Amino acid sequence: MELKLYNTLTRTKETFTPINELVRVYSCGPTVYKYAHIGNLRTYIFMDLLVRILRYDGFNVKNVMNITDVGHLLSDGDEGEDKMERSAREQQKTPYEIADEITAQFFKDIDSLNIKRPTITPKATENIPEMIEIVQELLKKGYAYEIDDGIYYDVSKFNGYGKLSRINLDDQKAGARVGVNSQKHNPIDFALWKKAEPNHIMQWDSPWGKGYPGWHIECTAMSFKYLGKHFDIHTGGVDHIPIHHENEIAQGEATTGFKNTNYWMHSEFMLFDGGKMSKSLGNCYTVTELAEKGYSPIDFRYFCLNAQYRQKLNFTFDGLASAKIAYERLLAQLRAHNECNEKTDLDILEKYKQEFIEAINDDINVPMALGVLWKMVKEPKSKDIYSLALEMDKVLGLNLDKLYEIKDEQTIDENIISIAQKRLEVRKAKDWKESDRLREQLKQLGYNIKDTNNGYELEKIQ
RNA sequence: GGCACCAUAGCCAAGUGGUAAGGCAAAGGUCUGCAAAACCUCUAUGCCCCGGUCCAAAUCCGGGUGGUGCCUCCA
């Protein structure tokens with residue numbers, strides 16, 4: 001089965017052919033100035049699915065995701081403030097404290113979403129010399145120039161600029177904002193290195209005095225350092241196509257003289273109630289906030305798995321609720337399979353396995369793969385089906401191996417328990433009137449009670 | 001204004017030339033004192049509209065309409 005992946009560069013699905021036996025994947029990671037929201041996290045779930053599928057297909061994978069902890073300016077390429085510095089100022093902490101805090105939370109979040117940690121997650125601040133080296137190289141080759149506030153990339157010197165996003169440079173220039181006071185040669189030239197104001201906290205020595213790196217150079221430097229100058233796949237969100245990745249191509253290809261990335265892959269945005277979800281609009285949620293509303297990170301992962309990564313996904317709480325219910329029922333079905341000792345014919349199992357493999361290899365069609373799982377689960381119960389589901393879960397990452405974990409161990413008040421116990425007794429005596437009264441009482445106290453074969457279940461009303 | 005993507009049942013969403021996956025909701029049923037849960041069954045003669053190509057179109061082509069995103073920081 002060959003793996004097909006959609007390459008943004010060619011705008012077609014291509015058969016994936018690795019450069020050598022080690023598949024190398026670079027993913028643009030978070031800028032750690034603010035907590036990641038669920039829209040951000042969708043992109044990392046996409047990255048995770050890609051890597052899991054590559055591994056499922058038998059490839060050895062080395063993947064790198066950067067942690068941007070410096071140099072991401074508010075206004076790209078222009079005179080914006082560094083996001084880290086601003087966040088630090090607002091919270092009266094140092095940029096390093098912010099970075100540590102947000103980075104720790106980020107890893108907690110992706111762990112909770114079953115996103116496998118990348119092989120390496122380098123920090124920008126730990127790779128400054130490598131960045132300086134590339135900037136020097138670009139200066140030497142005539143692709144960069146120095147002005148009062150830093151070193152800039154001269155976009156007009158690079159022929160291929162715009163090939164990823166397919167924008168016409170002239171059109172862009174016509175409509176672009178013109179930096180009146182800027183010494184930049186072209187309005188879209190971007191900063192490789194910024195000279196630091198004395199009060200700028202994060203700064204390093206460089207051939208051009210104290211300063212800090214531009215955002216785009218970080219990814220070029222770290223991908224080259226950890227994956228080499230020619231690697232297989234580069235992932236990120238669609239918003240990175242026009243500027244960030246265009247700039248990376250410009251930097252990398254100008255430095256090396258050859259193509260650095262074979263496949264560019266981008267995940268679409270998550271919408272909120274049909275509109276944009278972004279930090280600047282303030283309509284985003286974190287996994288922590290979802291948890292407070294009673295949705296686990298895996299519920300959210302399941303929600304994301306329902307749509308293909310190249311389609312916009314509209315987030316609503318109704319949608320998430322439906323995903324949660326579906327996921328719980330899936331687990332219930334699998335429990336029944338696991339507890340059954342029947343067998344399933346090999347050819348039936350093989351059929352589902354093949355359908356599943358076909359789906360994931362067709363540009364990560366996980367919604368279809370989930371559909372295959374559901375159809376399989378509706379087959380007569382058997383342990384074999386559960387075993388195959390577990391194998392599929394290597395890709396899906398839905399904790400299908402944890403069928404019996406107690407959900408959230410909420411401590412339920414003793415008073416509530418004693419009412420429930422009392423109700424159990426009166427039910428045995430068939431005193432339905434009292435039973436209904438106690439059920440209503442529990443409801444008033446915030447709990448729904450459900451009768452089961454040999455007892456009851458209490459559920460806190462959200 | 002330029003560029004890109006999208007339009008499939010009440011909702012989410014697969015399907016890109018061969019006669020509409022899957023999930024949620026709704027409906028019917030089993031179970032139950034009732035309820036809830038669970039389980040079973042079922043749900044689009046049609047895929048935004050109008051033309052065209054083809055034996056065959058949700059799928060390809062042309063023209064509309066509507067939506068979203070980017071061109072300013074964003075995953």
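Please read all numbers here as calculations on a predicted model, not as lab measurements. In what follows, every chain begins at residue 1, and chains take the letters A, B, ... in the order their sequences are listed.
Close placement of the A:Phe317 and A:Tyr285 rings is indicated, their centers lying within 6.0 Å of each other. Taking the six-membered ring for Trp and the full ring otherwise, the centers of A:Tyr263 and A:Phe16 sit less than 6.0 Å from each other.
Under the stacking criterion of a centre-to-centre distance below 5.5 angstrom and an interplanar angle below 30°, A:Trp432 sits stacked against the six-membered ring of B:G33.
The nucleotide whose nearest atom lies closest to any side-chain atom of A:Ile243 is, among B:C73, B:A75, B:U68, B:C73. Of the candidate nucleotides B:C24, B:A75, B:C74, B:C24 has the atom nearest to the side chain of A:Ala326. Comparing atom distances between the A:Phe269 side chain and each of B:G15, B:G69, B:C24 picks out B:G69 as nearest. For A:Pro367, the side-chain atoms get nearest to B:A13 when compared with the rest of B:A37, B:C70, B:A13. In this structure, the nucleotide among B:A75, B:A37, B:G33 sitting nearest to the side chain of A:Tyr44 is B:A75.
The partner of B:G10, taking Watson-Crick or G-U wobble pairs whose two distances both stay under 3.5 Å, is B:C24. Judged by Watson-Crick or G-U wobble contacts below 3.5 Å, the nucleotide B:U72 has no partner. Pair assignment for B:G46 gives none, since no Watson-Crick or G-U wobble pairing has each distance under 3.5 Å. Nucleotide B:U16: unpaired (no Watson-Crick or G-U wobble partner with both distances less than 3.5 Å). With a cut-off of 3.5 Å on both Watson-Crick or G-U wobble distances, the partner of B:G51 is given as B:C61.
Contact annotation: A:Lys430 side-chain N/O to B:U32 OP1/OP2 distance is not under 4.0 Å. Side-chain nitrogen and oxygen atoms of A:Asn365 include at least one within less than 4.0 Å of the OP1 or OP2 phosphate oxygen of B:G15. Residue A:Arg427 places none of its side-chain N or O atoms closer than 4.0 Å to OP1 or OP2 of B:C34. Under 4.0 angstrom from either OP1 or OP2 of B:A35 there lies no side-chain N or O belonging to A:Arg439.
Looking at heavy-atom distances under 4.0 Å, A:Thr316 makes no contact with the nucleic acid at all. Within 4.0 Å (heavy atoms only), A:His240 reaches sugar-phosphate atoms of the nucleic acid but no base atom. Base contact: A:Gly39 has a heavy atom under 4.0 Å from a base atom. Using a 4.0 Å heavy-atom criterion, one finds that A:Arg423 contacts the bases of the nucleic acid, with or without backbone contacts as well. Among the atoms of the strands shown, none is found under 4.0 Å from any heavy atom of A:Leu330.
A salt bridge links A:Arg52 to A:Asp48: one of the charged nitrogens lies within less than 4.0 Å of a carboxylate oxygen.
A donor-acceptor contact under 3.5 Å links the side chain of A:Asp436 to the base of B:G33. One cannot find a donor-acceptor pair under 3.5 Å joining the base of B:C5 and the side-chain atoms of A:Arg310. For A:Arg11 against B:A4, a side-chain-to-base donor-acceptor contact under 3.5 Å is absent.
Between A:His266 and A:Trp264, the angle of the ring planes stays under 30°, which puts this pair in the parallel group of the 30/60° scheme.
Of the two residues near RNA chain B, A:Gln333 and A:Ser322, the one whose nearest nucleotide lies more 5' is A:Ser322.
Inspection of the A:His244 and A:Glu248 side chains reveals an N or O donor paired with an N or O acceptor under 3.5 Å.
A:Leu3 pairs with exactly one of A:Thr15, A:Asn361, A:Asp362 by the side-chain contact (heavy atoms from CB on, under 4.5 Å) rule, that one being A:Asn361.
Taking atom C1' in both B:C47 and B:C12, one finds a spacing of 16 Å when rounded to whole Å.
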